[in-house]
Amino acid sequence: MLQADQVESEKSPLLKKKFSRSLTVSNGEDENFQEQDAASDAIKFKVSSMDSERMGVVLCVLLVELCERLAYFSVSSNLVLFCTSVLDLTSTQATTVSLIFTGTVYIIPIMGGYIADACSNRFNVIYGSGLIYLCGLFLLLCAAPNYSDLFGSDVADLSLRSRRVSYIGGLGLVAIGTGGIKSNVGPFGAQQVEDLGRDAVQVFFNWFYWFINVGGLIAFTGVAYVEQNVSFSIGYLVPLIALVLALIFLNVARRRYIHKDAQGSIFVTFLRICGEACCRQSPFIDGRRQKFDSARREYGGSFDSDLVDGVLAVIKILPIFFFIIMFWVIYSQMQSTYFIQGERMDLTIGNTQIPVAMLNAVNTIAVLLTIPVLDRLVYPFFKRIGHPLNHLQRIGIGFVLCACSVFVAGGVEIYRKKKLGFDQQVGEEVVYAANVTVFLQIPQFVLIGAGEAFTSISGLEFSYTQSPSYMQGAVMGLFLATTGLGSYLSTAIIAVVGVATKEDPWFPDEINDGKVEYLFFLFGILMIIFFLTYLPVAYKYKYQPFLYDDSAAGPGLRWKNDDKSKDITFENSVTIL
């Protein structure tokens with residue numbers, strides 16, 4: 001996510017700065033840019049090489065993200081397994097816990113970004129969230145050991161109820177902590193280099209994404225193996241240590257960070273504009289009432305037209321976000337129903353049992369391999385033949401790939417149940433498994449990974465380019481929230497299916513006795529329905545001329561000199577990465 005570039009001192013509050021260039025939407029008559037002067041542009045777009053001190057500061061932020069992602073994925077990767085094998089929850093209950101936890105993790109960043117914008121600064125929110133996170137990881141660790149085995153028979157072990165309370169409480173604190181960090185660590189890192197130019201910011205986020213995936217791969221392979229085949233006690237000690245290291249890295253460069261004070265949240269302005277537009281009647285213009293004109297200052301409202309235009313742009317994006325929620329419903333199956341399916345397949349390679357969660361690494365690898373193929377081959381090909389794929393078309397392709405994933409999973413489930421034949425120990429749980437290798441799940445993980453490369457990345461770019469710069473943080477927060485809403489909707493669908501199929505359950509406590517393939521097919525059909533409904537909405541959408549790259553700006557956008565430009569928050573509120 002790119003940040004607006006300013007050449008003024010980073011030390012002063014952003015809202016008090018006077019920007020020499022303001023964004024206005026023209027009627028298309030003036031297609032030229034009115035630049036203040038060439039010298040200011042030269043400064044604005046100059047990318048300087050980082051000195052060793054700046055590199056060290058950026059590296060500390062990147063290591064914070066690596067350690068935090070390692071901690072988070074270490075918890076989420078085997079969450080279902082811990083719930084079923086240690087907490088004695090049913091598969092259905094464990095799936096519900098996993099989905100609610102994931103949903104909450106992606107909803108809380110909205111609040112984390114708001115607090116950093118309106119009440120504090122990003123460093124304080126990251127550090128405070130890290131301390132909360134640390135408490136949550138400690139509670140998870142407390143729920144894992146068998147204390148009688150650890151300290152001797154004289155020490156009473158925790159009751160099952162106490163373990164459940166400790167674990168669920170720990171998950172709640174982890175969700176709060178990771179949500180607060182997720183919404184701020186990316187923008188905080190970009191804040192350290194934004195004075196070097198936009199290219200420097202983009203380079204930072206490329207490395208930021210790379211460090212995220214390194215943390216995920218370590219968690220899905222090494223830590224997941226320890227949790228499943230060695231001990232959850234040791235497995236949960238790793239994320240605790242990782243987060244301690246994250247807090248250490250965060251504080252190493254504390255005196256060298258570039259800080260920005262609380263600046264006020266655009267969310268509040270957004271809600272005030274919507275409220276004023278609803279409460280006051282818009283005037284007649286050319287015989288028609290124009291939406292939201294009652295909030296404009298020239299018609300008696302309290303807000304300038306550019307802010308109102310930004311709100312309208314965001315409102316037009318929301319229907320697209322609604323359809324993307326269904327994509328995340330299926331995406332959330334990887335660590336819930338796909339995990340339970342994988343438990344009941346052959347996990348052995350020779351004499352070694354691989355962790356079920358390792359299949360999530362296949363998704364990560366699929367994303368990393370798909371992105372360059374799309375960037376270098378697929379998208380250029382469509383451009384050469386005169387039919388370039390726009391953002392909404394790419395999102396639709398991702399929907400289809402995602403639907404294919406659950407259809408494939410349904411086929412795998414039908415085949416798997418025909419091959420049931422041996423007992424398999426997974427962690428502390430023994431399940432009746434099929435004589436079918438778990439690698440048969442690879443296609444369904446690859447399809448979701450390919451769908452993610454289309455829908456998630458294109459959705460992020462669409463959100464960024466279709467909103468004015470001062471609304472980009474809010475829009476990114478809303479886009480991130482679709483992931484959480486997808487997990488919540490998945491929980492609701494599974495609950496409804498459980499009630500509707502009570503006599504002949506599709507997703508019972510033991511999936512070998514149910515018809516999980518029907519649940520997968522249901523998800524696929526719902527995705528297709530969403531896709532077909534999405535098509536006319538996407539077709540009718542008119543792209544807005546809000547572009548973050550001046551050089552690529554179109555006819556409807558012009559920059560003008562304005563010594564009285566508004567005090568607008570240009571710093572992004574959250575990051576999707």
Side-chain angles (χ1 to χ4, degrees), residues 79-85 87-104 164 322-323 325-345 356 359 399 402-421 423-424 426 429-434 436 438 440-441 443-445 447-448 484-533:
L79 192 153
V80 170
L81 178 61
F82 187 89
C83 287
T84 55
S85 63
L87 301 185
D88 199 26
L89 298 179
T90 65
S91 296
T92 306
Q93 292 170 331
T95 299
T96 300
V97 171
S98 176
L99 292 173
I100 291 177
F101 171 70
T102 303
T104 305
R164 289 178 175 178
F322 169 77
F323 292 103
I325 290 173
M326 192 63 208
F327 170 84
W328 295 117
V329 168
I330 295 178
Y331 184 90
S332 66
Q333 303 311 306
M334 288 194 299
Q335 292 181 356
S336 54
T337 54
Y338 284 11
F339 184 96
I340 293 172
Q341 182 187 55
E343 278 185 311
R344 288 154 178 81
M345 301 173 74
V356 186
L359 270 295
F399 288 171
C402 198
C404 291
S405 173
V406 279
F407 284 130
V408 169
V412 169
E413 182 63 14
I414 293 173
Y415 180 72
R416 182 192 71 81
K417 288 195 293 186
K418 292 179 181 179
K419 301 293 183 178
L420 294 172
D423 289 327
Q424 176 172 252
V426 184
E429 182 183 18
V430 177
V431 297
Y432 193 50
V436 177
V438 72
L440 198 62
Q441 285 189 312
Q444 64 203 60
F445 280 89
L447 284 167
I448 285 190
L485 293 174
S487 293
Y488 288 152
L489 181 57
S490 177
T491 304
I493 292 172
I494 291 175
V496 170
V497 166
V499 173
T501 64
K502 190 173 183 180
E503 300 300 325
D504 186 16
W506 288 6
F507 189 48
D509 296 338
E510 175 48 65
I511 67 168
N512 290 331
D513 301 328
K515 299 176 180 177
V516 181
E517 62 271 20
Y518 291 173
L519 179 63
F520 290 143
F521 294 150
L522 174 63
F523 282 132
I525 292 170
L526 289 174
M527 185 73 261
I528 294 298
I529 293 173
F530 267 66
F531 170 70
L532 295 176
T533 312

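What you see is a predicted model; the values in this text were computed from it and never measured.
Distance CG/Leu81 to CD/Gln335: 12.5 Å, rounded to 0.5 Å. Between the CD1 atom in Ile100 and the OG1 atom in Thr491 there is a gap of 5.0 Å [rounded to 0.5 Å]. One finds the CZ atom of Phe407 at 12.0 Å from the CG atom of Leu447 (value rounded to the nearest 0.5 Å). Here CD of Gln444 is found 8.0 Å from CG of Leu359. Values are rounded to the nearest 0.5 Å. Within the model, atoms OG1 of Thr95 and CD1 of Ile340 stand 3.0 Å from one another, a figure rounded to the nearest 0.5 Å. Put simply, CE on Met334 and CD on Gln341 are 13.5 Å apart, with the number rounded to the nearest 0.5 Å.
When the side chain to side chain contact (heavy atoms under 4.5 Å, CB included) test is applied to Thr92, the partners found at least two apart in sequence or on another chain are Thr90, Phe507, Asp509. When the ring-ring contact (aromatic ring centres under 6.0 Å, His included) test is applied to Phe323, the partners found at least two apart in sequence or on another chain are Tyr534. In this structure, the ring-ring contact (aromatic ring centres under 6.0 Å, His included) partners of Phe520, at least two apart in sequence or on a different chain, are Tyr338. The side chain to side chain donor-acceptor pair (under 3.5 Å) search around Ser490 returns Gln333, not counting sequence neighbours. Residues meeting the salt bridge (charged side-chain N to carboxylate O under 4.0 Å, His left out) test with Asp513, sequence neighbours left out: none.
The two residues Val356 and Phe339 come nearest to each other via the heavy atoms CG1-O, 3.5 Å. Shown here for Val436 and Leu440, the closest heavy-atom pair between the two residues is CG1-CD2, 3.4 Å. Looking at every heavy atom in both residues, Phe523 comes nearest to Val329 through CE2-CG1, 3.6 Å. Val80 and Ser336 get closest at one heavy-atom pair: CG2-CA, 4.3 Å. The heavy-atom pair separating Met326 from Phe530 by the smallest distance is CB-CD2, 3.5 Å. Residues Val431 and Glu343 approach most closely at CG2-O, 3.5 Å, considering heavy atoms.
Remark: the backbone N or O of Leu420 is not paired with any side-chain donor or acceptor of Arg344 at under 3.5 angstrom. Of the possible polar contacts, none joining the Thr102 side chain to the Leu99 backbone as a donor-acceptor pair under 3.5 Å is found. When atom types are taken as modelled, the side chain of Glu429 and the backbone of Thr84 share no donor-acceptor pair closer than 3.5 angstrom. Using modelled atom types, one side-chain atom of Lys417 and one backbone atom of Gly514 make a donor-acceptor pair closer than 3.5 Å. Without hydrogens or angle criteria, Ser98 side chain to Ala94 main chain gives no donor-acceptor distance under 3.5 Å.
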Problem set entry | Audit row: Thr104, Tyr488, side chain to side chain contact (heavy atoms under 4.5 Å, CB included) steps and yes/no | CA-CA 8 Å; Thr104 305; Tyr488 288 152; 2.8 Å; yes
Problem set entry | Stepwise side chain to side chain contact (heavy atoms under 4.5 Å, CB included) test for Ile493 and Leu489 | CA-CA 6 Å; Ile493 292 172; Leu489 181 57; 4.0 Å; yes
For this session: Give the C-alpha distance, both sets of side-chain angles, the deciding distance and a yes or no for side chain to side chain contact (heavy atoms under 4.5 Å, CB included) between Gln93 and Leu87.
Result: CA-CA 11 Å; Gln93 292 170 331; Leu87 301 185; over 6 Å; no
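Aromatic ring pairs are classed by plane angle as parallel below 30°, tilted from 30° to 60° and perpendicular above 60°; the pair Trp328 and Tyr331 is perpendicular.
For residues 493-507, the pairs satisfying side chain to side chain donor-acceptor pair (under 3.5 Å) are Asp504-Lys515, with sequence neighbours left out.
Inter-residue side-chain proximity for Ile494 and Leu519 is flagged as met; some heavy-atom pair is nearer than 4.5 Å.
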